[in-house]
Number of protein chains: 2
Amino acid sequence: MTVHPKLQPRSPVPSDIEVSQQIVSEVGLLPIADLASEAGLEPDEVIPWGFSKAKVQLKTTLDRLKHSPDGNYIVCTGINPTPLGEGKSTTTIGLAQALGAILNKKSFACIRQPSQGPTFGIKGGAAGGGYAQVVPMEEFNLHLTGDIHAITAANNLLAAAIDTRMLHEDSQSDEALYKRLCLSGKPFPPVMKKRLVKLGIDPNKSPEDLTAEERAKFARLDFAKETITWQRVLDTCDRHLRKVTVGKGQTIQPRGTVKGETPREEHIRETGFDITVASEIMAVLALANDLPDLREKLGNMVVGYSKAGEPITSDDLGCGGALTVLMKDALLPTLMQTVERTPVLVHAGPFANIAIGNSSIVADKLALKLAGEDGYVVTEAGFGADIGMEKFFNIKCRESGLKPKCAVIVATVRALKMHGGGPPVSAGKPLASEYKEENIPLVTAGCSNLVKHIQNAKKFGVNVVVAINQFKTDTAEEMNAIRDASLEAGAFDAVVSNHWAEGGKGAEALGHAVIMACKANDETNFKFLYDLNSPIREKVETISKEIYGADGVDFSELAEQQIRQYESSGFGNLPICIAKTQYSFSCDPKAKGVPKGFRIYVREIRSCVGAGFLYPICGDIMTIPGLPTRPGFYDVDIDTSTGQVLGLF
Amino acid sequence: MTVHPKLQPRSPVPSDIEVSQQIVSEVGLLPIADLASEAGLEPDEVIPWGFSKAKVQLKTTLDRLKHSPDGNYIVCTGINPTPLGEGKSTTTIGLAQALGAILNKKSFACIRQPSQGPTFGIKGGAAGGGYAQVVPMEEFNLHLTGDIHAITAANNLLAAAIDTRMLHEDSQSDEALYKRLCLSGKPFPPVMKKRLVKLGIDPNKSPEDLTAEERAKFARLDFAKETITWQRVLDTCDRHLRKVTVGKGQTIQPRGTVKGETPREEHIRETGFDITVASEIMAVLALANDLPDLREKLGNMVVGYSKAGEPITSDDLGCGGALTVLMKDALLPTLMQTVERTPVLVHAGPFANIAIGNSSIVADKLALKLAGEDGYVVTEAGFGADIGMEKFFNIKCRESGLKPKCAVIVATVRALKMHGGGPPVSAGKPLASEYKEENIPLVTAGCSNLVKHIQNAKKFGVNVVVAINQFKTDTAEEMNAIRDASLEAGAFDAVVSNHWAEGGKGAEALGHAVIMACKANDETNFKFLYDLNSPIREKVETISKEIYGADGVDFSELAEQQIRQYESSGFGNLPICIAKTQYSFSCDPKAKGVPKGFRIYVREIRSCVGAGFLYPICGDIMTIPGLPTRPGFYDVDIDTSTGQVLGLF
């Protein structure tokens, strides 16, 4: 076993990129083969991807370890975020460092690959920060191992397939379409057989044997244009792509019309782009249990409905196989390390406000097997616990069958002051004195937000540990106020943690508390918030009332219509993945603390039938963010003599 | 040195993916470290990327070898392509196999990363085929090492930056804009200093010191909307994105107007998407000489003009550094191997019809140094020699300073028959008998196309070797007819090659001919077709008349106006990269052979100031292709029990 050089934190703590570059150049990374070996992986289970990253062979590893017991499963989440930052990723990493490098447990952090949108938009990586981060942070925050790029490619191939198919259907006769779709003299490929079965046609027939009626049924998907919910994606904050008109200048000769006599028609459509991390394929990646499940889910994605109201899937378009081929490497989690050389699995994507925003099931499963009975896996559920954690329990744990033993909720004195009524904070303006000086009443008032999250977590039957993520201006009295409020609300423990400045050593007490909480946990208490078989409307209402504290839910006419569509298509029993602002329990980002007397407005409900949930979009939330006047990219450059990245954070 | 297991070709030759999977499973890949070592790379010059690919550390390797002599530089190109396939990539690989595995020379093939557009669209990879291909072909044809994805990300970040900047400029006062762009109390970052210098403002001033007038000049790029030529990109055949309206629903309060009194305005714009491989950033990757040059070129890209007619660059938008950071790994060529374990460098992108379509300068330079004086580097210049080879000589060699010794022009009996007036060929229909039986008159007539390409290549002062890429139905008489016509046209040699069926052994004679041609070549004869200082119009005319055989060139009004803009902006002395159909010397894809009495129509001229060329778009050519009714993705799937890719080609 390698002797780990001790982390020597500097004071004051340098910028995140400086810490990362300091670790790489002074301490050195643990070679990826050694990292893998210490993590319990065999050499043939690791695919190197540069010097600091590796993909893990999922099937080989899980097959080998299938009889091993799982480690302790911990979800790390937070209060509703504020511009002051709470440090959920930093705490996830710091806690894993404490458990692994300080308390000598087998320990894994499972975190999400950051989106390049925020990386170059409003400054902020997702590698953690200070002395609790994943290194090298440039590698982590840029392309990583290409998973998000693979999703962009797959998503947009399917989008192109939809518009192209409509174009060809709008201009070709049934027979012409059928002849082009089926290669003469060749049998149906497997993906077409799946469609034949769905249509009730014998899949063993050869293309020549179908009747004219069967041919028409097979060849014509017959999209009802306005039902198409599949959007294009980019991993860029490009607000001008929210709503676009596509197909301009694409003209067709409508089928059944006579060339010359009937003018050609433009083949345009209104649609939009989402940020890649909010796409259904990202959710499929987060929720797939293995490669066969990935193939199944990608093939089952419903992109729209036929004029007769039948759902049309990516496999109906012949695209599910190609999507899986594009995603096969992305299914393998990426192994990296913390500044204290403990293992990290990076997988799936962020944005719990507009996506599931959780690390993947396969990364968690892999980590739990590698950690083993006495080991610990800290997985991150982004943004506030009202969205990230709720989705973790109700969607992800339901799909995986895994039971967490402890929820860590991260809070800071400064953020709670804001929830308690502290003045607004905006970039570029000096911070108000309330945030820099002791102010117990503000902290106490703000604890209401934390308390509600603790109560919410306890509804799922897990022990809750509050991590008070320390900042240098915090006073002992302020931190005590948080601890008192937490314990009173039923938290198992509430501990001050200083991993940002000190690394794992600073989170030692938190690590101890988490170990105790896991030991004290009774897994049989674990339960979901709602029954899948309840009506869609009721499930949305349960989340809104129980978790957000809303008085009720209003559905737009479009949403009502979609509910009817989904229930009649047999998708009524899917869990719910709500898109709403992360800044408040309500839909109003300005409503801090614990807002009362509000209702949730559901604008539309998209379906992610492949990923396995319904996706209500609430309030003004946008599914692709914009760039500010001065985007983060202004400060990013490269030293062309050394190749070193400058100014990333 | 590793003993190479001899290639054992099967007959009949299996599908490309079967050959690739046979090589990987039966023969085994040469481990990447051994491949690198045999290629002459030191261990620290190679970054593993999975088991079958590695990135090569450009600077370290070129610094070490800077005093070594270059190898022999060979460009491989072809006649105008037909649906029958000519096998330029296959010949590039087969020739490199012959030189390396059979004739025991140091040999490298430099080929381009394929676009996922055609991979999933109209069937066709770019790994070569049969027993002359790069393996594993799935790895090659899918994400490779992510270079194209990096380009998509970089291109679209810049596109978002443009529209966002216009939005903010349209709604904010000079002072508000300036205050947001400059962080209070902080100095200008380097990229902003570059803009200050351009504006004639002392870059050592701090943001507070600028006068109101200077602030306005600095903060306001003042785009003339209609001059923006920067498009968004995707590596997908998505014809509905050719023309799009963006910004729908994005409203602004126009600056200088009163909220409430003046209604908000929609901030929409007409624009479009190109396929990623046709983007300027791909051209920058192909033409950059090193990292500092990459940074320079990415910063100098002109995206549009101000209302005063001044060019606006990506560095003016503060984006050049971030683009370089996104592209830093992409600048490193990817090392792979052929079925006969000879080294291949994969870099930059295809589509010489709508892009430069050449492998990169850095890959070629690296290969030439690694090959050394007695070694051979075969680089591919895509599509017909009229576009791929012309751009190779006039743009790429001019930028790199490298001098090729030999041009290999690939032709097949069947394709020449089509150029000679053979019947049309379309997918799904049986092939006409003319192509399956001996027909000397058709071959002889078709040789006109080949002869014109030979004559064109000789204008650049290099020796020409014709590779007659053999197909099983070809007769000796037919092949002799090609050989005779080639020699008469001044080819150094013309050789039948059967690498598709036999691997390097089948291209042994071609290898010999190429070696002799290189030995006989006098580098001092090498010359460009046009002088950079000629007027733009004249350069386009020279290429059109000399290479295409056109009577002249017509410019649209838009093109005329762009010429005036470029000449007044100082871009008049850039070389020309024409976008036109690859299927004919003319702009009419149906005009086979050597068309006469035609003119070239220039629809518009885009500028690629960063990459360093002007980009006239001629005839009906589209800069993003479409998908057919039955796209290639129908046959692609995965065996979920083994993870093996099925049906890719």
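To find a chain, count down the sequence lines: A is the first, B the second, and so on, and within it residues start at 1. Keep in mind that the numbers below use all heavy atoms, side chains included, and drop hydrogens, waters and symmetry copies.
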- In terms of heavy-atom pairs under 4.5 Å, which option from A:E138, A:R165, A:M192, A:R269 contacts chain B the most? A:M192
- Note on the structure: Note: vs chain B, highest number of non-hydrogen pairs under 4.5 angstrom among A:C319, A:G626, A:A54, A:P189 is A:C319
- Query: Pick from A:L326, A:I638, A:I32: which one has the most heavy-atom pairs with chain B under 4.5 Å?
  - Reply: A:L326
- Query: Is A:K55 reaching over with its side chain to a backbone N or O of A:L332, donor-acceptor style, under 3.5 angstrom?
  - Reply: yes
- chain B contact via A:R180 - which portion, at a heavy-atom distance below 4.5 Å: both
- Is the backbone N or O of B:R195 less than 3.5 Å from a side-chain atom of B:D316, with the two atoms forming a donor-acceptor pair by type? no
- Message: Show the nearest heavy-atom pair for residues B:L627 and B:F120, with the distance to one decimal.
- Response: CD2-O, 4.0 Å
- Task: Heavy atoms only, distances under 4.5 angstrom: which of A:L294, A:L157, A:L323 has the most pairs with chain B? Name it, please.
- Result: A:L157
- Query: Any sub-3.5 Å donor-acceptor pair from B:K53's side-chain atoms to B:L144's backbone N or O?
  - Reply: yes
- Query: Is it the side chain or the backbone of A:L142 that comes within 4.5 Å of chain B heavy atoms, both, or neither?
  - Reply: side chain
- Pair count under 4.5 Å, heavy atoms only, with chain B: among A:D290, A:D163, A:L177, A:I268, highest is A:D163
- Test item: B:K243 side-chain N/O and A:G249 main-chain N/O as donor-acceptor pair under 3.5 Å: no
- Task: Please determine, among A:D329, A:L317, A:T152, A:D293, the option with the most heavy-atom pairs under 4.5 Å with chain B.
- Result: A:L317
- Note on the structure: B:F273 and B:I624 have their tightest heavy-atom pair at O-CG2, 3.4 Å
- Flag the one option from B:T324, B:V191, B:L241 with the top tally of heavy-atom pairs under 4.5 Å to chain A. B:L241
- Message: Please check: side-chain N/O of A:W230 versus main-chain N/O of A:S314, any donor-acceptor pairing under 3.5 Å?
- Response: no
- Query: Contact part of B:P631 toward chain A, heavy-atom cut-off under 4.5 Å: side chain, backbone, both or neither?
  - Reply: neither
- Query: For the side chain of B:D235 and the backbone of B:Q116, is there at least one donor-acceptor N/O pair under 3.5 Å apart?
  - Reply: yes
- Message: Given heavy-atom pairs under 4.5 angstrom as the criterion, report whether the side chain, backbone, both or neither of B:E139 touches chain A.
- Response: side chain
